[in-house]
Peer 1: 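Sharing a structure here in structure tokens format.
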Number of protein chains: 2
Amino acid sequence: MKQPTGGLVERLKDNGLKLTPQRHLICQLIETLPGHPTAEDLYEQATAVMPSMSLKTVYSTLYELAGMGAIRLVNVGTGGFRVESHLEPHAHLVCRSCGQVTDVPVDPVADADLSVLEQFDFVVEQREVIFRGLCRECGLRLSGEGSGS
Amino acid sequence: MKQPTGGLVERLKDNGLKLTPQRHLICQLIETLPGHPTAEDLYEQATAVMPSMSLKTVYSTLYELAGMGAIRLVNVGTGGFRVESHLEPHAHLVCRSCGQVTDVPVDPVADADLSVLEQFDFVVEQREVIFRGLCRECGLRLSGEGSGS
DNA sequence: TGGTAACAAACAATCGTTGTAAACTAGGTG
DNA sequence: CACCTAGTTTACAACGATTGTTTGTTACCA
Ligand SMILES: [Mn+2]
Ligand SMILES: [Mn+2]
Ligand SMILES: [Zn+2]
Ligand SMILES: [Zn+2]
């Protein structure tokens, strides 16, 4: 009923892909790194362990994992997509100042009335809710600056 | 209580910006073109009338209008942002196949319980709801292809 | 009649991502 | 083992969207 978030390596093999050292490392990093890493984040971490790792391989592996539904690639408008390894429906807080992405562990649309959607003949496969604004640090910092001098 | 969508030119002047022919044209196009045009869409339309128009000027003007809250620039993950001239809160349908962006004239989060957000010390300024899936044409086309031959 | 501030154009550069081709690797075959 | 092959990774060029820089224009005013 609920696929284990911590089984990326198994998912790869189940889908007939070879478990290469590169893929293994990328899977581990995804399961280890907190938050919503970018491809570049993963690349940096990966090259620290395996200097020959190519950025292209990171992208390819992410698309493979996303293609088999093991992760999602979300775009919150901060330039470049981010890896989402929490597959349960949830919302995101995105700071317009520092770009930080935080999980909100509920789906605000869960019990909304979505009957309006019927008229569109649109097959909804997935939904995304983003709250944009300022995180605590950025809120404090910006208001502090504004009143100074 | 409700700023007129059709007053971009006035908004520019109210904010102390000169009403140049370029800005005037871009404002007109935003108010005329249906849907959610990209910067490139506007640039194409603009150069048809004013061939010297620079893409940079389109971008600059869009950021100026967005900065004064006259439009919004939304990123639905189709590569590049789109101009949103309907400022009332509403959701979007985004087709994963053709990229079409359709307005859903309701805000599904409007009467959701957002008390969970309080614990985050995050100042929400704006929210975004996207439904991803397949539009009618793409749904028909893809299922038609799958069953043939 | 310059002087200057705001603006737009031309064009190079940047960022995130993708295409291409060459090199590598594990698993068969003889 | 020497060879073949499919799958994979790498190096690197190219791409689309956006931005920086520099230079040219324009409106307006002392
Ligand atoms: Mn998340
Ligand atoms: Mn819209
Ligand atoms: Zn922040
Ligand atoms: Zn479609």
Side-chain angles (χ1 to χ4, degrees), chain A residues 8-9 11-29 36-47 49-68 71-84 96 99 101, chain B residues 8-9 11-29 36-68 71-84 99 101:
Chain A
L8 295 183
V9 162
R11 295 291 289 272
L12 272 181
K13 289 191 289 191
D14 291 351
N15 283 69
L17 294 182
K18 286 185 192 165
L19 180 56
T20 64
Q22 291 85 345
R23 284 175 178 155
H24 195 163
L25 175 55
I26 293 170
C27 288
Q28 277 183 243
L29 288 172
H36 303 80
T38 62
E40 195 71 35
D41 291 338
L42 290 168
Y43 177 63
E44 275 175 32
Q45 299 290 316
T47 47
V49 176
M50 190 187 287
S52 73
M53 175 80 69
S54 146
L55 180 55
K56 180 73 194 286
T57 300
V58 175
Y59 277 102
S60 305
T61 305
L62 291 180
Y63 283 121
E64 287 158 359
L65 290 169
M68 61 186 68
I71 61 172
R72 291 207 302 135
L73 301 175
V74 298
N75 187 329
V76 296
T78 48
F81 59 64
R82 288 161 176 273
V83 174
E84 175 64 84
R96 71 146 203 269
V101 180
Chain B
L8 295 183
V9 162
R11 294 292 290 271
L12 272 181
K13 289 192 289 191
D14 291 351
N15 282 67
L17 294 182
K18 287 186 192 165
L19 181 57
T20 63
Q22 290 85 347
R23 284 176 178 154
H24 195 163
L25 175 57
I26 293 169
C27 289
Q28 277 183 243
L29 288 173
H36 302 80
T38 62
E40 196 70 35
D41 291 337
L42 290 168
Y43 176 63
E44 275 174 33
Q45 298 290 315
T47 46
V49 175
M50 190 187 290
S52 74
M53 175 77 72
S54 146
L55 181 55
K56 181 71 193 288
T57 298
V58 174
Y59 276 102
S60 307
T61 305
L62 291 180
Y63 283 121
E64 286 158 0
L65 289 168
M68 59 186 69
I71 61 173
R72 292 207 301 136
L73 302 174
V74 299
N75 188 327
V76 296
T78 49
F81 59 64
R82 287 162 178 273
V83 174
E84 175 64 83
V101 180

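So that the names make sense, note that chain A is the first sequence line, chain B the second, and so on, each numbered from 1. Computation of the quantities below employed the complete heavy-atom set of this structure, encompassing side-chain atoms and omitting hydrogens, waters and symmetry-equivalent molecules.
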Peer 1: Rounded to whole Å, please give me the gap between CG in A/Leu19 and C1' in D/dT8.
Peer 2: 13 Å
Peer 1: Expressed as a whole number of angstroms, how long is the span from A/Asn75:CG to D/dG16:P?
Peer 2: 18 Å
Peer 1: For residues B/Val58 and B/Ile26, report the shortest heavy-atom separation together with the two atoms involved.
Peer 2: CA-CD1, 3.8 Å
Peer 1: I'd like to know if the side chain of A/Ser60 reaches the main chain of A/Lys56, judged simply by a donor and an acceptor atom lying under 3.5 Å from each other, with no hydrogens or angles considered.
Peer 2: yes
Peer 1: Could you tell me whether the side chain of A/Leu25 reaches within less than 4.5 Å of the side chain of A/Gln45, counting heavy atoms only?
Peer 2: no
Peer 1: Please give, in whole Å, the distance from C/dT17 P to A/Glu64 CD?
Peer 2: 16 Å
Peer 1: At less than 3.5 Å, do the side-chain atoms of B/Lys56 and the base atoms of D/dT21 form a donor-acceptor pair?
Peer 2: yes
Peer 1: Of the candidate nucleotides D/dT19, C/dA9, D/dT9, which contains the atom at the shortest distance from the side chain of B/Tyr63?
Peer 2: D/dT19
Peer 1: Need one value for A/Thr20: base, sugar-phosphate or nothing, where a base atom within 4.0 Å counts as base even if backbone is also close, heavy atoms only.
Peer 2: sugar-phosphate
Peer 1: Can you work out whether A/Arg23 or B/Gly80 has the more 5'-proximal nearest nucleotide on DNA chain D?
Peer 2: A/Arg23
Peer 1: Are any of the side-chain heavy atoms of B/Leu42 and B/Leu62 separated by less than 4.5 Å?
Peer 2: yes
Peer 1: Do side-chain atoms of A/Arg23 reach the backbone of A/Leu12 as a donor and acceptor pair under 3.5 angstrom?
Peer 2: no
Peer 1: Do the side-chain N or O atoms of B/Ser54 get closer than 4.0 angstrom to the phosphate oxygens (OP1, OP2) of C/dA8?
Peer 2: no
Peer 1: Look at all strands and tell whether A/Ser52 reaches a base, only sugar-phosphate, or nothing, counting heavy atoms closer than 4.0 Å.
Peer 2: sugar-phosphate
Peer 1: Consider the side chain of A/Ala39, meaning its heavy atoms from C-beta on, and name the nucleotide among C/dT17, D/dT8, D/dT9 that approaches it most closely.
Peer 2: C/dT17
Peer 1: Figure out the CE/P separation between A/Met53 and D/dT8, and round it to whole Å.
Peer 2: 15 Å
Peer 1: Taking the side chain of A/Leu17 as its heavy atoms from C-beta onward, which of D/dT8, D/dT10, C/dA9 lies nearest to it?
Peer 2: D/dT8
Peer 1: May I have the distance from A/Glu40 (atom CD) to C/dT18 (atom P), rounded to whole angstrom?
Peer 2: 14 Å
Peer 1: Quick check for you: among D/dA17, D/dT8, C/dA9, whose closest atom lies nearest to any side-chain atom of B/Gln22?
Peer 2: C/dA9
Peer 1: Take atom NZ of B/Lys18 and atom C1' of D/dT26, then tell me their distance rounded to the nearest Å.
Peer 2: 7 Å
Peer 1: Would you mind telling me which residue lines up with the more 5' stretch of DNA chain D, B/Tyr59 or A/Ser60, judged by nearest nucleotide?
Peer 2: A/Ser60
Peer 1: Please report, rounded to the nearest Å, how far the P atom of C/dT18 is from the CZ atom of A/Phe81.
Peer 2: 6 Å
Peer 1: How close or far is atom C1' of D/dT25 from atom CE of B/Met50, stated in whole angstroms?
Peer 2: 14 Å
